[in-house]
Every structure is written in C-alpha cells, then in structure tokens.
*Asks:* 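So that we are looking at the same thing, I have put the structure below in structure tokens.
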There are 2 protein chains.
Amino acid sequence: MISKACRYGIRAVVYLASRYGETAKSSFAEISREVDAPEAYTAKILQILTKSGIISSIKGPNGGFYMERLQIDQAVINIVDTIDGLDVFYECGLGLKQCSASRPCPMHDQYKMARETLLDSFSRTTIEQLARRVKEGSSFVRNLAIPGVG
Amino acid sequence: MISKACRYGIRAVVYLASRYGETAKSSFAEISREVDAPEAYTAKILQILTKSGIISSIKGPNGGFYMERLQIDQAVINIVDTIDGLDVFYECGLGLKQCSASRPCPMHDQYKMARETLLDSFSRTTIEQLARRVKEGSSFVRNLAIPGVG
DNA sequence: ATAATAAAGGATTAAAATATCTTTTATTAT
DNA sequence: ATAATAAAAGATATTTTAATCCTTTATTAT
C-alpha cells in the first residue's frame, strides 16, 4: 500500500511530534533508534520531509530535527503525499491506465470504497492526534524490545 | 497495495472466466494481449495460477488455459493469496513487527478498518461475478485502445 | 579563527520486483 | 515414429525500492 520509506517517515514524524515542547532537538541517530528504522535511510527520509516543510531542522551543535506547532497540526496525508505521492489513492486497483465510473474495471466500486476509507483516515487524522496517543502510552512507534536481542 | 503481478493475474483470470463455455482454450499470447500485460511475464503468472489450481491448462496442440465451473465460483481473494499472499491484510500499516489492539501503532484502528474493507470485497466477490460484468460489457479488463498507438 | 557538531547532498551498493529469453516436457495430428 | 504446438521450467536481465557510505555545508562553542 504505502512504501517502507513512507511508513518509516510517519513513525519518525509522530515521534518528533511527541517530543514537542522538549528543548533539545532530535538527531537522526536518535529518531531512527526510537522508531527502529535504519539510520542512514531515515536520515534521507528526514531530509525530504525537511525540504518539504513537514518538519524543521537546524545544522550544527545543538542542532537537529524538531517541529513547530503548525506542523504538528497538519494532516498525516501530507507525509504520504511528500514521500509516496497521492497516486495510489486514485489509481485503478487492477492496474488499468484509465478506470472510472464510466469505464470501470470489474472491481472499481469495491476498490474505490476501500481506497477512500484509507484516504479519509489519512486526511482527517492530524499528526498531533497520533503523537498524543504515543505520549499517553496508548500507542507505539517502535517495536517491542525482544529480550536478549539487540 | 497489491503487486503488479497480482493485478495482471486478476485481469487474466477474469478474462479467462469470461470465456467460459467457448470450446477453444486460450494461449498466454492471447490472454496477455487481451488484458494488456507483458506476454512472458503473464506466462509466468499463469503458470503459478495453474500450479495452485486457480485455473487449468493443457499442453500441446489445441491446448491452452481454461477454467472449470468450480474454479470460476471461487472468491477473488484466492488469486491474491496465490500470488501475493495474505500478509498485506494483516500487517501493520506503519510497519511495526507486531501491532495489535493490545499494543497498537498510532493508526491501528483506522488502518484495520480500511484493510478489512478491502479483504471483505476480495473475499465476498467471486470470479464469476467479475466475469459476468465483463461479458455484459459493463466493465473491462483491458485498456482503452489509444487511436494511432499500438 | 578553529575545532567540533550535525544535517544536506551525492554517489554507490544491495535486494526485491518486474520482465525477458531459452530450453525442456507433454500432447496432438500427420 | 515424426513434426508441430503449446505450456512448464530455468536462467538471465532490467528496473525500482531500500539501504549505506562518503563528502560538503552550516552552525556553534572555544
């Protein structure tokens, strides 16, 4: 559905958002550790997110990644749009180049329904809402530590 | 969401099903042409579908691919299961190794909803239903011919 | 000014998915 | 039996996605 890069990206952003208010900024080393994502790859993704204004960064000592209030109040779909684009929400489920109500693939209606359910969640849910759950401890952005591994 | 191979596969099977009753079997050359999918790749996919019993085939002159009544009455999910597996319907939307109601990712509920909508359509829709639409001409498994191209 | 820090940028590698090509096997018609 | 047909099987190539590594730039503290 959405790419691995995008899944890492959402987890990273939600983690960053959950640290809103803390004075210290987060390095990509910290972020990748906290969301169990490969360090160098996460750095690339954070770079893209910074360039597009989803998150902010400052270089040098005491620098790192952080988010502004306005950024936290964005919908999650903006992250998906930046990393994967929105095509997946509009493409034909069976891969036809053009597929519409007037010339549908055999699964058009069913697929559209599912796609829209997902697009709706991503559009209506804000980063803040997800971050709050993480802060509360009612949801998680990292894997459970496996005792004896790592 | 589902792989390209799987999308070609569904289109190929629906096409084959729509030819149920015709005496002549279909070659992979014919099938790939009729669903606008790469010939050699389609052959591979048809091979997998044959081995798993989704469709049938016979080698040699007058041979080719075809479907039995029982095969046509299967749910579409069986095609997905054979080509991609069902993991996609059970994996975490944000890529966590374990994600459940008791230890959810921040989007767990929303994602589950969308995933189940899709799994439900695939499970409740039969190949026959899709093939009927194609036979009626109310839906399509191939791209619109672009005048002057091809 | 200089050294240290941390992200940005660019180049490269690895793995997976997509796609093609060649050889083999089964079946049929002659 | 032999030639022709069509799928099965295996090997190889290409493209995309995922991931790493190395160099450069900006910022800060000394």
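The sequence lines fix the lettering, A, B, ..., with proteins before strands; numbering per chain opens at 1.
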*Asks:* Would a distance-only check, ignoring hydrogens and angles, find a side-chain to backbone donor-acceptor pair under 3.5 Å from A:R115 to A:F89?
*Replies:*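 Yes, A:R115 side chain to A:F89 backbone: donor-acceptor pair under 3.5 Å.
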
*Asks:* Regarding B:E22 and B:Y66, do their side chains bring together a donor and an acceptor under 3.5 Å, going by distance alone?
*Replies:*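 Note: B:E22 and B:Y66 side chains miss the donor-acceptor criterion.
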
*Asks:* If you check every side-chain atom of A:K4, which of D:dA19, D:dA8, C:dA19 has the closest atom?
*Replies:*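 The answer is D:dA19, which lies nearest to the side chain.
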
*Asks:* Check whether any side-chain nitrogen or oxygen of A:S57 sits under 4.0 Å from OP1 or OP2 of C:dA8, and answer yes or no.
*Replies:*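 A:S57 to C:dA8 OP1/OP2: side-chain N or O found under 4.0 Å.
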
*Asks:* For C:dA29, does either OP1 or OP2 sit under 4.0 Å from a side-chain N or O belonging to B:N62?
*Replies:*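 B:N62 to C:dA29 OP1/OP2: side-chain N or O found under 4.0 Å.
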
*Asks:* Whether the A:Y20 and A:E128 side chains hold a donor-acceptor pair (N or O, under 3.5 Å, no angle test) is what I'd like checked.
*Replies:*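 There is no such pair (donor and acceptor under 3.5 Å, judged by atom type) between the side chains of A:Y20 and A:E128.
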
*Asks:* Give the rounded distance in Å between these two atoms: OH of B:Y41 and C1' of C:dA16.
*Replies:*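 Spelled out: OH on B:Y41 to C1' on C:dA16 is 11 Å.
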
*Asks:* Would you kindly give the CZ-to-P distance between A:F28 and C:dT5, to the nearest whole Å?
*Replies:*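 Going from CZ in A:F28 over to P in C:dT5 covers 14 Å.
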
*Asks:* Under 4.0 Å between any heavy atoms, over every strand shown, what does B:S56 touch: base, sugar-phosphate, or nothing? Just pick one.
*Replies:*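 If one applies the 4.0 Å heavy-atom cut-off, B:S56 turns out to touch nothing in the nucleic acid.
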
*Asks:* Are A:L96 and B:Y41 connected, step by step, through hydrophobic side chains (Ile, Leu, Val, Met, Phe, Trp, Tyr) whose heavy atoms are closer than 4.5 Å?
*Replies:*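 Per the 4.5 Å side-chain linkage, A:L96 and B:Y41 are not co-clustered.
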
*Asks:* Can you say whether a donor on the side chain of B:E39 sits under 3.5 Å from an acceptor on the base of C:dA19, or the other way round?
*Replies:*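 Flag unset: no donor-acceptor pair detected.
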
*Asks:* Between the base of C:dG9 and the side chain of A:K51, is there a donor-acceptor distance below 3.5 Å?
*Replies:*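 Per atom types, no contact qualifies.
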
*Asks:* Can you identify which nucleotide, out of D:dT20, D:dA19, D:dA18, has its nearest atom closest to the A:Y8 side chain?
*Replies:*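 Selected nucleotide: D:dA19.
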
*Asks:* Using both distances under 3.5 Å as the test, list the Watson-Crick or G-U wobble partner of C:dA29, or none.
*Replies:*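 By the stated definition (distances under 3.5 Å), D:dT2 pairs with C:dA29.
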
*Asks:* Nearest whole angstrom, please: distance from the P of D:dA9 to the NZ of B:K44.
*Replies:*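 Roughly 8 Å, once rounded to whole Å.
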
